[in-house]
Amino acid sequence: AETDDGEKNAKDKLQRKNLDMIALNDLTDKYSGFGKDTNHIYLYKKNGDKVDLGVESKQKSACLILDEIINIL
């Protein structure tokens with residue numbers, strides 16, 4: 001979860017930790033965050049791809065993230 005420079009921080013952490021993928025929960029989006037029923041998730045992949053999972057319920061967001069993880073295995 002990020003409130004400032006989310007994309008930059010996600011990309012930096014992705015590279016610094018040599019991850020295959022990182023998820024950003026953009027807390028600047030009015031539909032995301034603590035006390036909300038939804039999140040707006042972006043995935044950043046090692047290959048440079050950015051995937052916008054859109055505004056979804058927290059449960060649906062988790063399922064979409066798992067689908068992306070399975071697809072990169």
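- Distance CG/Asn25 to NZ/Lys36: 11.5 Å, rounded to 0.5 Å.
- Not a single donor-acceptor pair under 3.5 Å links the side chain of Lys58 to the backbone N or O of Asn39.
- The OG atom of Ser32 lies 6.0 Å from the CG atom of Asp26; values are rounded to the nearest 0.5 Å.
- No more than 12 heavy atoms of other residues, nucleotides or ligands lie within 6.0 Å of NZ in Lys13, so this atom counts as exposed by the packing criterion.
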Could you tabulate the donor-acceptor pairs under 3.5 Å formed by side-chain atoms of residues 64-73, not counting sequence neighbours?
unit_1, atom_1, unit_2, atom_2, d
Glu68, OE1, Lys45, NZ, 2.7
Asn71, ND2, Asp67, O, 3.2

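- Membership of the apolar cluster around Tyr42 extends to Leu14, Leu19, Ile22, Leu24, Tyr44, as traced through chained side-chain contacts below 4.5 Å between ILVMFWY residues.
- Checked by atom type and distance alone, the side chain of Thr38 pairs as donor or acceptor with a backbone atom of Tyr31 at under 3.5 Å.
- Once rounded to the nearest 0.5 Å, the distance linking CG of Asp20 with CG of Leu43 reads 12.5 Å.
- At a threshold of 4.5 Å between non-hydrogen side-chain atoms, the residues Asp52 and His40 count as touching.
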